[in-house]
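Have a look at the structure below before the remarks.
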Amino acid sequence: MAERIQITLPDGKQVLHPFGAVVGKIVADTDDTAKFRSTVAAKVNGVPVDLSYRLTADAVVGPIDVATPEGLSILRHSMSHVMAQAVQDCFPGVQVSIGPSIEDGFYYDFDYAETFTPQDLEKIEERMRQIAAADIPFERREVSRAEALALFQEKGETYKVELINDLPSDVQTVSLYTEDGYVDLCRGPHIPSTGMIRAFKLLSVAGAYWRGDERNKMLQRIYGTGFATQEALDDHLRILEEARKRDHRRLGRELDLFQINEEAGAGLVIWHPKGALLRTIIEDWERKEHLKRGYDIVIGPQILKAELWKRSGHFDHYRDHMYFTEVDEQSYGIKPMNCLAHMLIYKSKIRSYRDLPLRYFELGTVHRHEKAGVLHGLPRVRQFTQDDAHILCTPGQLNGEIRAIADFVGYAMGIFGFEYEVELSTRPEHSIGSDEDWELATRALEGALKDNGMAYEVNEGDGAFYGPKIDFKLKDALKRKWQCATIQCDFTLPERFELSYIGEDGEKHRPVMLHRVILGSIERFIGVLIEQHTGAFPLWLSPVQAVLVTVTEKHIPWGEEVRKRLLDADIRVEGDFRNEKLGYKIREAQMQKTPYMLVIGDREVTSGQVSPRQRDGKNLGSIDVEAFIALVRERCAQYR
RNA sequence: GCCCACGUAGCUCAGUCGGUAGAGCACAUCCUUGGUAAGGAUGAGGUCACCAGUUCGAUCCUGGUCGUGGGCUCCA
């Protein structure tokens, strides 16, 4: 065995160290002390290890700093361990299960007869602070599988026992981490000692199924967040507060856009005048853009005979999400999707290859029986309207159609100001159709993405029951992802409904069907849009584009005249001619996030002009009414 | 559907250790005619989510229902 080993440092420098040298010491030697204090772990040949790791061979070695995403994740993981220790200290008899770091912090799932209260969280936090102050080292130990099993069996930790038993059979040893007598099964690495834990906060307690399976027992999950510094933690908590302020449910009420009423029913949106107007503006935009791209606008019925849903496969695969009703002793299904009527339109006459592709677009209102617990504001409701289309084409046209849809999505996201990510979802467990068709459909989607040069990730088993799909997840201002657009490739429904076209060869052929939405659910999209803009919609989308504010009642006649001229120019304007002070009216318009407030007083009446004030506080001075109309038109034409 | 918490005026929230409730904003009326984020006075508003039970008496305690919030599972 070699006496000395050769270590390659991040800067490429090579140094010799004794066999068994501690990696933390090597990293510390190469760095200045101040920087080393923020080193949470090290990398050896690219693999993260504890700073206490001993090197037994030549290796490339570098530090992992807490300022990196990887380092922060290690710190948070260690925080979750300390939380588990604190919980067991405070509540004897608690069983631990798993506790990883997540995007914004960490959690740990516990099994305990009592339920944790917010007061308990404070108690646990306090104990965590004590553990952190004691600066207890995290000690790693590798033991045999049998030894670990015995240890956790003795401790009564049945979840850990299950985890060890479920390890692949070729795993012979497992690693344990001990801090101050608390032992946890963990792959690691961890921070060197609890003293590095300075800034954290426990946020909430929630239920979570063991191993994420709803057939399993529900555990209690405690969520926390943590950062390297108090400043970073404070920043994060501020962002959470910001998110609450721009919550679309709050803004929806404040801006008088919509309500979801208990008496009417859960998950059912009631659009108020301003919300309905916003929605109408979006829908008008949709119709225009679809007609431009060769789509036909169609409209199907809300209910269709149950027999038809049986034929399509919805009855077998989607029944739990459907509502049914009876008419003249005949069972009808309320549509959860729009495709059936579109197929009937296709089938209404004999189609030639010359007719294809046919693109049927419908702002289709659908009903889905979502479980009570999943409903959430506008994004998750029971009745919603999709900007839905079904494209029937030849297999040869598939690629071009998919690429055109992907371009459409990109255009739309640009107009509305969103970034997005692309995912390809493949065949799920419960599905219909042949293997060959699934293969063909998946390849068609993937090929189009590649031809468009779009980056995407693959989501195995996440497709619809009738076909694979491309999902576009848009990212809002708070970096949260929402599924909106989707393209689904379907060979099965055309088969089940015996759709056909006459080809060049005079023979019958089967068309392919694409299901696709651009914004997805209009309800969800508006919810995300509200939060994206904090309710301050771009001018072209604002339900009220301008408010006329008169200084005194003697200015009302000119106000009425201006209102008439703006309405004639298709500008959405309201007159605030109330007997209130100007400042008061400005404030109200400001809180309603109205893009323009047009002040009308003696000066404007005399000059026959208006004085626009933008919602950012800027005054544009006195300008002619025609000049204001031109300004609004120009901005709207640019979707600003 | 599951776990936990919550449900008081249009909104944000107090409050009642069980004796049917209050503030601010909003709303109405009056005064004020005021130039870019709140002028003043007065007033009206609540079966304390709903249904049972316990109690002399329930908004408060217990149970159920509905709904909301945070999660899990699911999903446009």
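Residue numbering restarts at 1 for every chain, and letters A, B, ... go by the order of the sequence lines.
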Derivation of the ring pair (Phe, Tyr, Trp, His ring centres under 6.0 Å) call for His367(A) and Phe384(A): CA-CA 7 Å; His367(A) 292 77; Phe384(A) 58 101; 8.9 Å; no

Nucleic acid contacts of residues 597-609 of chain A, taken as heavy-atom distances under 4.0 Å to RNA chain B: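 Contacting residues: Val599(A), Gly601(A), Asp602(A), Arg603(A), Glu604(A).
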
Would you say the side chains of [X] and [Y] form a donor-acceptor pair under 3.5 Å?
| X | Y | result |
| --- | --- | --- |
| Asn338(A) | His390(A) | no |
| Ser622(A) | Ser611(A) | yes |
| Asp388(A) | His515(A) | no |

What integer distance in Å separates [X]:[atom1] from [N]:[atom2]?
| X | N | atom1 | atom2 | answer |
| --- | --- | --- | --- | --- |
| Tyr107(A) | rC3(B) | OH | C1' | 15 Å |
| Glu553(A) | rG35(B) | CD | P | 15 Å |
| Lys581(A) | rU33(B) | NZ | P | 9 Å |
| Glu588(A) | rC25(B) | CD | C1' | 11 Å |
| Arg578(A) | rG39(B) | CZ | P | 11 Å |
| His555(A) | rU36(B) | NE2 | P | 13 Å |
| Phe110(A) | rC4(B) | CZ | P | 17 Å |
| Arg587(A) | rA37(B) | CZ | C1' | 6 Å |

Base-pairing mate for [N] - Watson-Crick or G-U, with both contacts under 3.5 Å:
| N | value |
| --- | --- |
| rG53(B) | rC61(B) |
| rC30(B) | rG40(B) |
| rG7(B) | rC66(B) |
| rA14(B) | none |

Thr426(A): partners by side-chain contact (heavy atoms from CB on, under 4.5 Å), with sequence neighbours left out: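 Partners of Thr426(A) by the side-chain contact (heavy atoms from CB on, under 4.5 Å) criterion, ordered by chain and then number, come out as Thr442(A), Val458(A), Glu460(A).
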
Phe91(A) ring center within less than 6.0 Å of Phe110(A) ring center: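 Centroid distance Phe110(A)-Phe91(A): not below 6.0 Å, so no.
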
Take atom [atom1] in [N] and the same atom in [M], then report the distance between them in whole Å.
| N | M | atom1 | result |
| --- | --- | --- | --- |
| rC2(B) | rG10(B) | P | 31 Å |
| rA58(B) | rG53(B) | C1' | 11 Å |
| rC61(B) | rU16(B) | P | 12 Å |
| rA14(B) | rA23(B) | C1' | 7 Å |
| rA38(B) | rA21(B) | C1' | 28 Å |
| rU54(B) | rU62(B) | C1' | 7 Å |
| rU8(B) | rC13(B) | P | 10 Å |
| rU59(B) | rA26(B) | P | 32 Å |

Backbone of Ala589(A) reached by a side-chain donor or acceptor of Thr594(A) within 3.5 Å: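 Checking the backbone N and O of Ala589(A) against the side chain of Thr594(A), a donor-acceptor pair under 3.5 Å is found.
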
Option from Leu219(A), Ile98(A), Asn216(A) for which side-chain contact (heavy atoms from CB on, under 4.5 Å) with Arg211(A) holds: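 Exactly one option meets the side-chain contact (heavy atoms from CB on, under 4.5 Å) with Arg211(A), and it is Asn216(A).
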
RNA chain B: 5'-proximal contact among Asn579(A) and Phe116(A) (nearest heavy atom):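 The answer here is Phe116(A).
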
Any Tyr584(A) side-chain N or O less than 4.0 Å from OP1/OP2 of rU32(B):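 Tyr584(A) to rU32(B) OP1/OP2: no side-chain N or O under 4.0 Å.
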
Parallel, tilted or perpendicular: ring planes of Tyr596(A) versus Phe628(A), cut at 30 and 60 degrees: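 Geometry flag for Phe628(A) against Tyr596(A): perpendicular rings.
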
Parallel, tilted or perpendicular: ring planes of His77(A) versus His81(A), cut at 30 and 60 degrees: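 Plane angle over 60°, so perpendicular.
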
Where the chi angle of rG45(B) falls, syn if within 90° of 0 and anti if not: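 Nucleotide rG45(B) adopts syn.
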
Contact pattern, 5' to 3', of nucleotides 62-76 of chain B - B, S or - by protein heavy atom under 4.0 Å: ----BSSSBBBBBBB

Heavy-atom check, side chain of Arg287(A) versus side chain of Asp284(A), under 4.5 Å: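 Answer yes - side chains close enough.
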
Closest nucleotide among rC11(B), rG35(B), rU33(B) to the Arg253(A) side chain: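 Among rC11(B), rG35(B), rU33(B), the one nearest the side chain of Arg253(A) is rC11(B).
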
